[in-house]
Each structure stands twice: as C-alpha cells, then as structure tokens.
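Structure record follows, encoded as structure tokens.
Order of listing sets the numbers, starting from 1, for every ligand and every atom in it. By convention here, the first residue in the shown sequence is residue 1. Worth saying up front: this structure is predicted, and the values here are computed from it rather than measured.
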Amino acid sequence: MARLPVAVIGAGPQGLAAAAHLLERDIEPVVLEAGMKPAAAVREWGHVRMFSAWDELVDAAAARLLAPTGWTAPQGGYPTGQQWIDAYLAPLAAALGERIHYGARVSGVSRRGRDRLVSADRDGQPFVIHVMDRDGTESRFEVSAVIDASGTWYQPNPVGADGLPAIGEREAATAGVLSYAPPTAVQAAAFAGKHVVIVGSGHSAMTAVIEVAAVAQRNQGTRLTWVMRRGEVGNAFGGGAADALPQRGALGQRAREAVDAGLVELATGFRTEGVRLVDDTAVLVAEDGRQLPAAEHVVALTGFRPDLSFLTEMRLDLDPVLQAPVKLAPEIDPNVHSCGSVPPHGAQELAHPETGLYLVGMKSYGRAPTFLAMTGYEQVRSVAAELAGDYDSARRVGLVLPETGVCSGGGLSADAELTLSGNASPQ
Ligand SMILES: Cc1cc2nc3c(=O)[nH]c(=O)nc-3n(C[C@H](O)[C@H](O)[C@H](O)COP(=O)(O)OP(=O)(O)OC[C@H]3O[C@@H](n4cnc5c(N)ncnc54)[C@H](O)[C@@H]3O)c2cc1C
C-alpha cells in the first residue's frame, strides 16, 4: 500500500497545494482533473476580483516547490481569479508536471474488492479510483489514500426555495434565460434596457447586483430586481467598514449604495417555487403566490453544494445539515460563525470512518459559504502530515483568519465601475 500513490481529486487551488505538501513528504501524488487545464472552476469566474489579497492566496509548500523555477510570489493587491491562475496556479501546475492528468473525471471511489457493506480487512485494502476520460472511456487504478479537493462550483444551488429546482427552472436554464454564474462585464452590459432578476444574498449575488446596477445607472429602462428568501436585507450587506477583509467589506457597502440609490428593487421574503417561461422571458413565482414582472434574464447565485455522487461506496461521516464532516460542521455553521471565527483544523477534524479518505478545500465545507483558501492550505498541510505518519505535525494546526463578514463569493469584475457616490469607485 505504501508504494501506491495518493490520489488527489481536482487540480484547483487546494488540490494543487495538497500535491505540493505530499511531495514535500516524499509521497507521490496523482492529481485527477476533470477540466483540460488547471483550476478549471476558478477559470469560470476568472473575471471576478477576489476579496483576498495575494499573501492569503499562496500556499507555503507550493511556494517552496516553485522557488527553484525562478517564480516569485506576487505582492500586494487583490488579483482576479484569472490573475490567480496566471501568476500562481498555472506555474504551480506546470511544476507538478505529469503528476496531473487532465480530462480525467473521477466517477467513483471504492476499496479493492469491497463495497460499502464489507468490513473485513477494509482498511488493509487500497482505494480503487474510477476515472472517465474525455471520450467516455472508463479506467480504474489503485491508490493508498484519497484527498478529494473537487470543490463545489459545478453543483450550484437551484433557485427553488426548498432546495429543489423550481418547477420550470431546468427548462429556463436550458433556454438560456436563467444562469448560475456571476455575469462578466460584457454579459452585464448586454442587460442594458432589460429586466434582470438576481437571486441570492451572498457575496456573489452582491457582486452581480453592483455590476448590473452600474449598467442600470448608465442605461435608462434597465430594471434590476434582487430576490432573497430572507425577510429583511439586513446583514446580507456583511461586515462593511468593520470587515477585516477590506475588499469584502467594500462589496457590501457598494451593494447597499446601489439599493439606496434606487437602482435595485428588492423582493425580500420571496421563496421561489416556479419559473414560468413566457416567450423569451422568465416569470418567477413565489410560494405565497407573488409573481415578479417578466425578466429577460435570471441570474441564480444561491450558493453551492458538494457532489457526493462518486463517493457512494465510501463510509462518510457528514453532518446532516451542512454535509460537512461532523467534527467540522459546528465550527463552520454560517448561523454561528463567520470565516474569521472558524478555528484552524486539519486531518483529525476532516477524518471519516473510511480511513485514508479526506474531503478538503471548498468541498469540506459542504453547503457552508464561509470557506477561505488559507483555511484549506492548513487543511492539506495537516492531511499530508497525517498520511506521512507525522501525527504531531498533523495535529499542530494553527492559523489566524480575518474576522467578520460572511466570506463566500468574490469581488467585482476587473473592469467594473460603479460611481454611485464619491467613495464608491472600485478599490
Ligand atoms: C466568485 C468567487 C470568488 C471567490 N473569492 C475568493 C476569495 O477572494 N478568497 C478566497 O479565499 N476564496 C474565494 N472563493 C472561494 C474559492 O472557490 C476557493 O478559495 C477556491 O477556489 C477553492 O479551491 P478548491 O480547490 O477547494 O475548489 P475549486 O477551485 O472548485 O477546484 C476544484 C477542481 O476540481 C475539479 N473537479 C471537480 N469535480 C471533479 C471530478 N469528479 N473529477 C476530477 N476533477 C474534478 C474542478 O474542475 C476544479 O478544477 C471564491 C469563490 C467564488 C465562486
């Protein structure tokens, strides 16, 4: 078993960092990435400016791996997702070289010769990974441990308030009237003169509200409705000036300004149950019978959930509410904690009854929206130490996180402008 590699699922920021930590421990990683390039998920929101500064976005082991290549850590400022890739994640992937397999979607994880029911000598068996390549060919191979860093980006929550796709939601998405990603500046500009509905109350929703409000300000006849389940907009605006991540705080302030300036119509307490397609528009219908005016586009930014479909044969210990590891769940419950009050944690908190399997990074938070990259870097450091048998180091977790706010989603697109008041220009 010890001679087998460790599988890392996903070549996103956390999977790549995990591979760097494993290498430092003389453990060979095999990284399986569904996309054709590293950080495929970050690439999809690459136009968004992040609320974390550069020094919070680079993993220490990754930096050590990159140092001999002549790479220098970017300094100061807040990158966009694409800049994060160009200046750090892509060079890191290049340094890991052929250890990363692209176009390799993990479709199943199990134990050799044992399904979930079989306990006999279970921990003594290698894991079996099933991989689907781009042309649909399936293969399987054995590894000694599994670090699942596959994120949650490809599993957006639906607009249906009950967590299921609203009646008609799938049809609206197929028709292209409803989408699940923050609009690029170009997409937002195309909303001029139209009615756009944005659903959600996290930072991604706020980002989109600010973008589209700026379009509405410049183009008369543009209508923007912001839909949220909560009865009051209240703390949706986050930590504001008190936020220890200034970019994140600024986002909430600017969303508030857009609302105060009358550019946004709020539909609070709106629990969507249906999306009716009328010609080329969508009409959102609430459980209480309210209907919104027909919109040319609906942007659903209602958070994410983990894809557990390829882990059906694994013995997981997940919190029934958040779908995060049970020991971690109380520490990240968004009703109680902001990302700043999440205590550092590692292999111990991330362990499952399935010895040798760890869910890390964004996926480890299940449905909680408070994940920060720096939290994940400490997770993967600890997990690599645990797999190497350095239990002292694995348990010695330490990390100081910024306080306040709710840390999901990012900042504005690189070229977004909003000049609702003198102090509202992008920072
Ligand atoms: C708009 C936005 C802005 C954000 N801004 C910040 C910020 O400022 N600061 C911050 O700390 N965090 C921010 N985040 C959170 C951010 O997502 C994470 O910090 C980071 O991307 C999580 O990394 P990850 O590796 O866990 O997941 P991901 O980045 O989602 O990477 C997962 C990888 O796994 C691959 N994958 C998925 N399924 C499979 C499979 N079955 N088989 C093989 N590969 C698979 C994907 O293609 C992807 O490459 C932001 C998130 C969003 C959406």
Side-chain angles (χ1 to χ4, degrees), residues 7-19 30-59 62 78-85 89 92-93 100-109 129-134 146-156 180-184 200 202-208 211 245-248 251 301 303-304 306-311 339 359-365 368-377 379-380 401-402 405 407-413:
V8 177
I9 306 175
Q14 299 301 327
L16 295 171
V30 51
V31 184
L32 302 155
E33 168 55 50
M36 295 310 286
K37 290 180 172 177
V42 177
R43 230 168 264 278
E44 294 204 7
W45 51 267
H47 57 288
V48 176
R49 188 168 297 288
M50 303 186 71
F51 52 71
S52 296
W54 264 119
D55 57 353
E56 294 154 0
L57 293 169
V58 174
D59 172 71
Y78 300 85
T80 61
Q82 189 58 50
Q83 288 166 339
W84 196 18
I85 293 173
L89 297 168
L92 176 56
I100 308 178
H101 300 254
Y102 295 104
R105 175 174 298 283
V106 172
S107 55
V109 180
I129 307 280
H130 283 229
V131 177
M132 185 85 76
D133 74 14
R134 297 296 277 191
V146 179
I147 299 179
D148 180 357
S150 60
T152 55
W153 173 258
Y154 297 102
Q155 293 271 117
Y180 297 94
T184 63
H203 282 72
S204 289
M206 270 195 289
T207 300
E211 296 266 3
L245 290 176
Q247 281 286 332
R248 197 183 54 198
L251 197 63
L301 298 165
F304 301 92
D307 177 6
L308 302 169
S309 64
F310 57 86
L311 299 175
C339 55
L359 275 53
V360 302
M362 192 77 192
K363 187 166 187 172
S364 71
Y365 272 39
T370 49
F371 180 75
L372 281 181
M374 48 201 300
T375 310
Y377 295 153
Q379 290 180 343
V380 296
L401 293 167
C407 320
S408 67
L412 291 175
S413 73

Worksheet entry | Element-labelled atoms of ligand 1 that are located less than 4.0 Å from some non-hydrogen atom of Arg105 | 41 (N), 42 (N)
Item to complete: Return yes or no for this condition: an N or O of Phe51 is under 3.5 Å from an N or O of ligand 1.
Response: yes
Practice prompt. Would you mind listing which atoms of ligand 1 come within a distance below 4.0 Å of any non-hydrogen atom of Phe310?
Written response: 41 (N)
Discussion item. Is there a polar contact, in the sense of an N or O pair closer than 3.5 Å, between Pro182 and ligand 1?
Written reply: no
Discussion item. Quick one, Ser52 and Leu372 - any side-chain contact, counting heavy atoms below 4.5 Å?
Written reply: yes
Item to complete: Verify, without hydrogens or angle tests, whether Glu33 (side chain) and Ala11 (backbone) share a donor-acceptor contact under 3.5 angstrom.
Response: yes
Practice prompt. Not counting sequence neighbours, which residues clear salt bridge (charged side-chain N to carboxylate O under 4.0 Å, His left out) with Asp59? List them please.
Written response: none
Fill in: Closest to atom 36 (N) of ligand 1 among Ala53, Ser150, Ala41, Ala17 (heavy-atom distance)
Ser150
Worksheet item: Are the side chain of Trp84 and the backbone of Leu57 linked by a donor-acceptor contact shorter than 3.5 Å?
Response: yes
Practice prompt. Output yes when a side-chain donor or acceptor of Arg43 lies under 3.5 Å from a complementary backbone atom of Gly81, and no otherwise.
Written response: no
Fill in: Donor-acceptor pair, side chain of Thr207 and main chain of His203, under 3.5 angstrom
yes
Worksheet item: Any idea which atoms of ligand 1 are less than 4.0 Å away from a heavy-atom of Gly361?
Response: 26 (O)
Worksheet entry | Contact check: Ser52 vs ligand 1, nitrogen or oxygen atoms, below 3.5 angstrom | yes
Worksheet item: Which ligand 1 atoms does Trp153 reach within 4.0 Å, using its non-hydrogen atoms?
Response: 53 (C)
Item to complete: Using the test ring pair (Phe, Tyr, Trp, His ring centres under 6.0 Å), find all partners of Phe304 that sit at least two apart in sequence or belong to another chain.
Response: Trp153
Worksheet item: Rounded to the nearest 0.5 Å, what separation is found between the CD1 atom of Ile147 and the CG atom of Leu359?
Response: 11.0 Å
Practice prompt. Evaluate the criterion side chain to side chain donor-acceptor pair (under 3.5 Å) for residue pair Lys363 and Ser150; output intermediate values, then yes/no.
Written response: CA-CA 7 Å; Lys363 187 166 187 172; Ser150 60; 3.2 Å; yes
Worksheet item: At a 4.0 Å threshold, what atoms of ligand 1 neighbour a non-hydrogen atom of Gly10?
Response: 33 (C), 34 (O), 35 (C), 44 (N)
Fill in: Close approach of Gly376 to ligand 1, heavy atoms, under 4.0 angstrom
no
Practice prompt. Please work out whether any backbone atom (N, CA, C, O) or any side-chain heavy atom from C-beta onward of Leu372 is under 4.0 Å from ligand 1, and answer side chain, backbone, both or neither.
Written response: both
Worksheet, complete the sentence: Heavy-atom proximity to atom 40 (C) of ligand 1 ranks first, among Val106, Thr375, Val42, for Val106
Worksheet item: Does Gln83 offer a backbone N or O that forms a donor-acceptor pair with the side chain of Thr80 under 3.5 Å?
Response: yes
Fill in: Sidechain-backbone polar pair: Gln14 side chain, Ala373 backbone, donor-acceptor under 3.5 Å
yes
Item to complete: Could you tell me which atoms of ligand 1, counted from 1 in the order shown, lie closer than 4.0 angstrom to a heavy atom of Ala373?
Response: 10 (C), 11 (O), 19 (O)
Worksheet item: What do you reckon, does Pro38 put a non-hydrogen atom under 4.0 Å from ligand 1?
Response: no
Fill in: Close-contact set for ligand 1 against Gly12 heavy atoms, below 4.0 Å
25 (O), 31 (O), 33 (C), 49 (O)
Worksheet item: Less than 3.5 Å between some nitrogen or oxygen of Thr152 and one of ligand 1, yes or no?
Response: no
Discussion item. Tell me whether Glu56 contacts the main-chain N or O of Ala53 through its side chain, where contact means a donor paired with an acceptor under 3.5 Å.
Written reply: yes
Response to the item:
Any heavy atom of Ile9 under 4.0 Å from ligand 1? The part involved is side chain
Worksheet item: Do ligand 1 and Glu33 have nitrogen or oxygen atoms that lie under 3.5 Å from each other?
Response: yes
Worksheet item: Going by the atom numbers of ligand 1, which of them fall below 4.0 Å from some non-hydrogen atom of Ala104?
Response: 42 (N), 43 (C)
Worksheet item: Are any of the N/O atoms in Phe304 less than 3.5 Å from those in ligand 1?
Response: no
